[in-house]
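Encoded as structure tokens, the structure appears first; notes follow it.
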Amino acid sequence: MQTNFSLAQLADPQTARSEQVLRACVHCGFCTATCPTYVLLGDELDSPRGRIYLIKGMLENDRPATQEVAKHIDRCLSCLSCMTTCPSGVHYMHLIDHARDHVEATYDRPLMDRLTRALLARVLPSRTLFRLAIGGAMVAKPFAGLFASIPGLAPVAAMLRLAPARPATRSADEGVRRFAAQGTRRARVALLDGCAQPVLRPEIDAAAIRLLTRLGVEIVRPVGGGCCGSLTHHMGKEELALANARANVDAWMREIEGEGLDAILVTTSGCGTTIKDYGHMLRTDPAYAERAAKVSALAKDVSEFLAAQELPAPVIAPGIRVAYHSACSLQHGQRVRTAPKALLASAGFTVLEPAEGHLCCGSAGTYNILQPEIAGRLRARKVANIERTDPQVIAAGNIGCMTQIGGGTRVPVVHTVELLDWATGGPMPAELAGLRAAA
Ligand code: SF4
Ligand code: SF4
């Protein structure tokens, strides 16, 4: 695609990167067929190619985002299905990240939208505030329908509907900084501390820690680490996201330069995609560029790391039917597609692959709160495809997808690593008590 940026515009590194991405697009339109918003809405401006044109026009002309442009950019899930499909290697992720940043800086959002985004950016990355918010949401949950009927308050209704029905729990492991390997130490890794996942489902990291330490892996969670920044990154709140990225880079670099790390493991694939991009996000910061690139190179989804280990023989009865939901951040963002399924199969599960596995479930960070109508339609489509496989359990590698899908089905939803831990000697996830007879 021809571009028309001035030399002055190209002096800005973000614009220079976007220009590179735009030039790679040959506007063939292959990406439209696999874009969830285009599939649902059928509007070219809600397709990757349409958004690319909108972004190009906005950036080339140094224009503030209009309401129309902001609408179509906001509707993008950042699922990156278009990147998997694109034959020209268009790095849509960097382009949409820049566009969101530009929208945030130049578009005057309606008051309720601004307040909702500010609230989410403040509450979700803080475990303390998020726990308090969940307590409040449990009380207000019965009024979700009322909020949905008030113009502008649909995101509040979506938040209440997504809030867990149980109080936020705290793992006994929370705050523990080091977990020793059992037997001979074979590797030393850092585990992302995270923000929302340990509040919503501390069982995930507890299972990862049990499984990894049984395999002889020492785990550290260094002081100073925390939210990866992806929630604010996807809302265009770049300074907040970069502050989180720098804090994590500092924390992990102390370990890398100290006793050393073989990997930085992530159990939430949405976070993993962002951490693997820290090298790009911080490339213009001389104090962090090199160190961020080192951190990104060490980052791995937990399933990627486990695929290279020798797992013990399964101790549960084989054949439990697991529908594997491939999170977009894992399959499109990180290109980790086969490892989780192969691990589940080798642990004795019968792995089912729902139709339209490439399409997003509608979770996408805060998307299911900010765009509840589209997210609801995507969830209904995803759940119908999953339930058609007649699973006993659904497995996914991302807490956002687990919450989104779990809100639309009675089939229990657990993390892949919880099943692997159970199959190799850990406790059965509580949600699977009904499967006890099969175990
Ligand atoms: S498939 Fe790639 S090259 Fe073709 S329109 Fe989409 S982004 Fe552009
Ligand atoms: S990231 Fe997903 S929703 Fe956005 S344009 Fe690409 S395929 Fe469509």
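Please read all numbers here as calculations on a predicted model, not as lab measurements. Counting starts at 1 for both ligands and their atoms, following the listed order.
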Are a donor atom and an acceptor atom from the side chains of Gln404 and Asn368 found within less than 3.5 Å of each other?
yes
When distances are taken from atom 3 (S) of ligand 1, the protein heavy atom at minimum range is Val26 N, 3.3 Å
Is a donor from one side chain sitting under 3.5 angstrom from an acceptor on the other, for Asn4 and Glu60?
no
Within a distance under 4.0 Å of any heavy atom of Ser88, pick out the atoms of ligand 1 and give their elements.
3 (S)
Less than 3.5 Å apart, any donor N or O on the side chain of Arg201 or Thr403 sitting next to an acceptor on the other?
no
Pair Ser18, His98: side-chain N/O donor-acceptor within cut-off below 3.5 Å
yes
Please work out whether any backbone atom (N, CA, C, O) or any side-chain heavy atom from C-beta onward of Cys31 is under 4.0 Å from ligand 1, and answer side chain, backbone, both or neither.
both
Under 3.5 Å, is there a donor on one side chain and an acceptor on the other for His332 and Thr84?
yes
Side-chain H-bond candidate by donor/acceptor type, Thr3 with Arg23, under 3.5 Å
yes
Listing request: all ring-ring contact (aromatic ring centres under 6.0 Å, His included) pairs with a residue in residues 270-298, at least two apart in sequence or in separate chains.
His94-His280
The residue among Asp97, Asp101, Thr284 that forms side-chain hydrogen bond (donor to acceptor under 3.5 Å, both in side chains) with Gln14 is Asp101
Please confirm whether Pro87 comes under 4.0 Å of ligand 1, counting heavy atoms of the residue only.
yes
Sub-4.0 Å heavy-atom approach of Ile52 to ligand 1:
yes
Heavy atoms from other residues, nucleotides or ligands near CD of Glu44 exceed 12 (cutoff 6.0 Å):
yes
Among all the protein's non-hydrogen atoms, which is closest to atom 2 (Fe) of ligand 1, and how far away is it?
Cys86 SG, 2.3 Å
At what distance is the nearest protein heavy atom to atom 5 (S) of ligand 1, and which residue and atom is it?
Gly29 N, 3.2 Å
Under-2.8 Å protein N/O/S neighbours of atom 4 (Fe) of ligand 2, ordered by chain then residue number
Cys76 SG
Donor on one side chain, acceptor on other, Arg122 and Thr232, under 3.5 Å:
no
Give the residue, atom name and distance (to 0.1 Å) of the protein heavy atom nearest atom 8 (Fe) of ligand 1.
Cys25 SG, 2.4 Å
Looking only at protein heavy atoms, which one is nearest to atom 4 (Fe) of ligand 1, and how far off is it?
Cys28 SG, 2.3 Å
